[in-house]
K.L.:
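Before I ask anything, here is the structure I am working with.
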Amino acid sequence: MKSKYKSSRSVIALVVMISIIFGFAVDLYKIQIRDNEYYTKRNNTVETYTVPIEAARGEIVDRNGNSLVTNRQGNSIILNAVYFPSSKDNQARNKIILNLIKLFESNGEEYVQNLPLKISSKGNVYFSGKKQDIENMKSADMLNLQPYATAQNCYDAVIEKYGIEGYDKKTSLKIANIRYELTRLLFSYENPVTIADDVSDETVAVIKEQKQAFLGADVRVVAYREYADSTIAPHILGTVRKINAEEYEEKKDDGYKITDQIGESGIEHAMESDLKGTAGELTITIDKEGNITEEVTKKPIQGNTVVLTIDRDLQILAQKKLKAVCDKVSILSSAGAVVVLDCKTGDVLAAASYPTFDLNDYYDKYDHLISDPRNPLWSRFALGTYAPGSTFKPVTACAALEEGTITPSKTYVCVGEQDFFGQPFKCLHGNTHGTENVRTALRDSCNMFFYQTALDTGIDKIDEYASSFGLGQKTGIEIAEASGNLSSPENRENAGGIWRIGDTMTTAIGLSDNLFTPLQMANYCATLANGGTRYEVHLVKSVIQASNGIVNEKSPVVADTIDLSSETLKNVHQGMRMVATSGGPSYNFNNLSTKVACKTGTSEVIVNGVKRNNGFLITYAPYESPEIAVSSAIELAGSGSETSEITAEIIDYWSVSYTHLTLPTKA
């Protein structure tokens, strides 16, 4: 008699066998019939990858079409994951990387070193770089260490992570730098990583000839930023750099890759969306035998051309004369800015800051530039704020004339020094001007006239007109700028201070809490010159589309209008004309073929315990039909008249270069 146990076991075995056969049959049906097309393709092509092809950035030209920023072709060395050993084979990867490092160093090439660790002369590991870089290195995505991990802890983790045992410390760290870069930039088939930029033809030749020693390394022809003259308008043009992790997270949905370049400052930053090109695509196919083919399936499109409002030659002149005047004042400590605007559009024709820098030196000498006490990276025309001194007096004059607190014939007697509310107030340099009306008071820069005018007019009205002129607020320019500060009871109280009647008087002559940028001063002067229309200041004239050549012109934008009567304008303009013909700047302006009107100003500063004056000048020309406005600020100049040398040469250039008093409108 058969055992029931054995019988049951046979049945179970039979069921299992039938189930297995049925499963195979179902899989066979799926492979051979239902999903035949899919598996046929899988059999013929193992995988397809799409790699982005970097597009060149757009060019930047001046208003006349002269090149300011272009591109040149150069060679970078990338690592391509399709050919590079697997991440599981650390030994092979490290050997190839070391071969590359030896080649780079023998040919004097620079290669990536973004790992924030260094080895001291005594062999100790220490942190280097920014705090954020160190935190990123310790993060879960990188070394996954605690925030308190030491530099040695990080070094040990890197060596273990990338299997870099067996090398001396310095060599290990060199290899680790490139391995770390691959991790940081998400190295993959779709994302090759650049490890050396702008290498020599000699290095390229060796890598191409010795492919096995440098397996996975490839040469990529890329576009590098090139300047017609790297000293022209560096604060305007700005710089580009590799995108950082935070920016990548923000912009990856807009088509940015972790390896992309991005505008860091100036026009390069402001016009990033136009200057950035459209990446192409390289399709890599690996068949079942492991053969690799590459095909460009989408060509890259260069970025758009940005046409600036500046005139290259005028910019060069402004920079040259600004330096000469600053060096004449003090070759060691003076600094300054000059701005030239089109009165009828708000176009910036030139804007210079001194000391300045060379764009080609920006990254190589960044540590030196950022630590220079004279701040050459600081754009004084857009970010520097100054008490404007007497250049503010035309604002007070406009407010008083429009509000009827003075008339063109109204006079005050200047006795040089006078007590107001128990406090002594002096006129400029202690001068006694006698009887002054608004025109002669502007000519003589008589403080006493404007003190009394301020008391009669009141701070609210003075501030109302100053605000309409754009003082103490941004101009609208595309690059970074400061707001400055308009002296007022409200602003003083917001800062925790107390407003006194004396502040109303000193505000009227451009002191107290007044702090304005040279850009604001130039725009205020342009507004006064053109009769009361304040335009947004701008540097971009047009954008030329790379895809179709269409030119998108930027139209002037009116920011505000001031309803100034012809009588007010006539008297203020006449006063400013008198400054140019008989005031301090007359020795430069009377020799010009073009008539100008201007106003000087000074403000006191303390340098090393010594009282000095900064000098300011606002000017417009021609007097009869204003076209351009110029503002200049020279630190420690002593007086605004000392800056007239710059303005005179700018106006002379303009009057000779632009016939019929017409500025060019197209590039």
K.L.:
With a 4.5 Å limit on heavy-atom distance, are the side chains of V537 and L341 in contact?
P.N.:
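With C-beta onward as the side chain, the pair touches.
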K.L.:
Would you indicate whether I606, at its atom CD1, is surrounded by more than 12 heavy atoms from other residues, nucleotides or ligands within a distance under 6.0 Å?
P.N.:
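Atom CD1 in I606 is crowded, with more than 12 foreign heavy atoms closer than 6.0 Å.
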K.L.:
Quick one, S333 with S330, criterion side chain to side chain donor-acceptor pair (under 3.5 Å). Give me CA distance, side-chain angles, the key distance, then yes/no.
P.N.:
CA-CA 5 Å; S333 56; S330 173; 2.7 Å; yes
K.L.:
Applying salt bridge (charged side-chain N to carboxylate O under 4.0 Å, His left out) as the test, list every pair that has at least one member in residues 514-523; sequence neighbours left out.
P.N.:
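Every candidate salt bridge (charged side-chain N to carboxylate O under 4.0 Å, His left out) pair involving residues 514-523 fails, so no pair, neighbours aside, qualifies.
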K.L.:
Keeping to residues at least two apart or across chains, list the side-chain hydrogen bond (donor to acceptor under 3.5 Å, both in side chains) pairs with something in residues 253-266.
P.N.:
T239-E264, T239-S265, R241-E264, Y256-E272, E264-Y363
K.L.:
Counting N and O atoms only, with roles assigned by atom type, does the side chain of Y224 sit under 3.5 Å from a partner on the main chain of D198, one being a donor and the other an acceptor?
P.N.:
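Yes; at least one donor-acceptor contact below 3.5 Å.
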K.L.:
One thing to verify: whether E624 and K595 come together as a salt bridge, which I'm taking to mean a side-chain N less than 4.0 angstrom from a carboxylate O.
P.N.:
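Salt bridge: yes.
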K.L.:
Any donor-acceptor pair under 3.5 Å linking the side chain of K599 with the backbone of T619?
P.N.:
no
K.L.:
H269: which residues meet the ring-ring contact (aromatic ring centres under 6.0 Å, His included) condition with it, sequence neighbours left out?
P.N.:
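Not a single residue meets the ring-ring contact (aromatic ring centres under 6.0 Å, His included) criterion with H269.
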K.L.:
Please list, chain by chain and in numerical order, all residues satisfying ring-ring contact (aromatic ring centres under 6.0 Å, His included) with F516, sequence neighbours excluded.
P.N.:
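ring-ring contact (aromatic ring centres under 6.0 Å, His included) check on F516 returns nothing, list empty.
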K.L.:
Might you work through the side chain to side chain contact (heavy atoms under 4.5 Å, CB included) test for I258 and Y248, ending with a clear yes or no?
P.N.:
CA-CA 6 Å; I258 189 66; Y248 169 66; 3.6 Å; yes
K.L.:
Does Y386 have any ring-ring contact (aromatic ring centres under 6.0 Å, His included) partners at least two apart in sequence or in another chain, and if so, which?
P.N.:
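In terms of ring-ring contact (aromatic ring centres under 6.0 Å, His included), with neighbours along the sequence ignored, Y386 is linked to F616.
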K.L.:
Are any of the side-chain nitrogens in R220 or E54 under 4.0 Å away from the carboxylate oxygens of its partner?
P.N.:
no
K.L.:
Under the ring pair (Phe, Tyr, Trp, His ring centres under 6.0 Å) test against H235, which residue among Y362, W378, F357 passes?
P.N.:
F357
K.L.:
Between K130 and E135, is there a salt bridge with N-O shorter than 4.0 Å?
P.N.:
no
K.L.:
Between the side chains of E635 and R380, is the shortest nitrogen-to-carboxylate-oxygen separation below 4.0 Å, so that they form an ion pair?
P.N.:
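Yes, R380 and E635 are salt-bridged.
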K.L.:
Any side-chain heavy atom of V540 sitting closer than 4.5 Å to one from V306?
P.N.:
yes
K.L.:
Does N491 reach the side chain of D513, with side-chain heavy atoms less than 4.5 Å apart?
P.N.:
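When only atoms from C-beta onward are counted, D513 and N491 do not touch, as no gap falls below 4.5 Å.
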K.L.:
Verify the neighbour count for atom CG of N548: are there more than 12 heavy atoms of other residues, nucleotides or ligands below 6.0 Å?
P.N.:
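Yes - once you tally the heavy atoms of other residues, nucleotides and ligands closer than 6.0 Å, there are more than 12.
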K.L.:
Pairs in or reaching into residues 517-561: which pass ring-ring contact (aromatic ring centres under 6.0 Å, His included), with residues at least two apart or in two chains?
P.N.:
F469-Y524
K.L.:
For A648, does its backbone N or O pair with a side-chain atom of D652 as donor and acceptor, under 3.5 Å?
P.N.:
no
K.L.:
Can Q315 and D311 be said to form a side chain to side chain donor-acceptor pair (under 3.5 Å), step by step?
P.N.:
CA-CA 6 Å; Q315 179 70 29; D311 177 306; over 6 Å; no
K.L.:
Please determine whether the number of non-hydrogen atoms from other residues, nucleotides or ligands lying under 6.0 Å from atom CD of E110 exceeds 12.
P.N.:
no
K.L.:
May I ask you to decide if E226's main-chain N or O and N71's side chain share a donor-acceptor pair within less than 3.5 Å?
P.N.:
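No; zero donor-acceptor contacts below 3.5 Å.
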K.L.:
With a 4.0 Å cut-off, would you call K541 and E553 a salt bridge?
P.N.:
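Looking at K541 and E553, the cut-off is not met.
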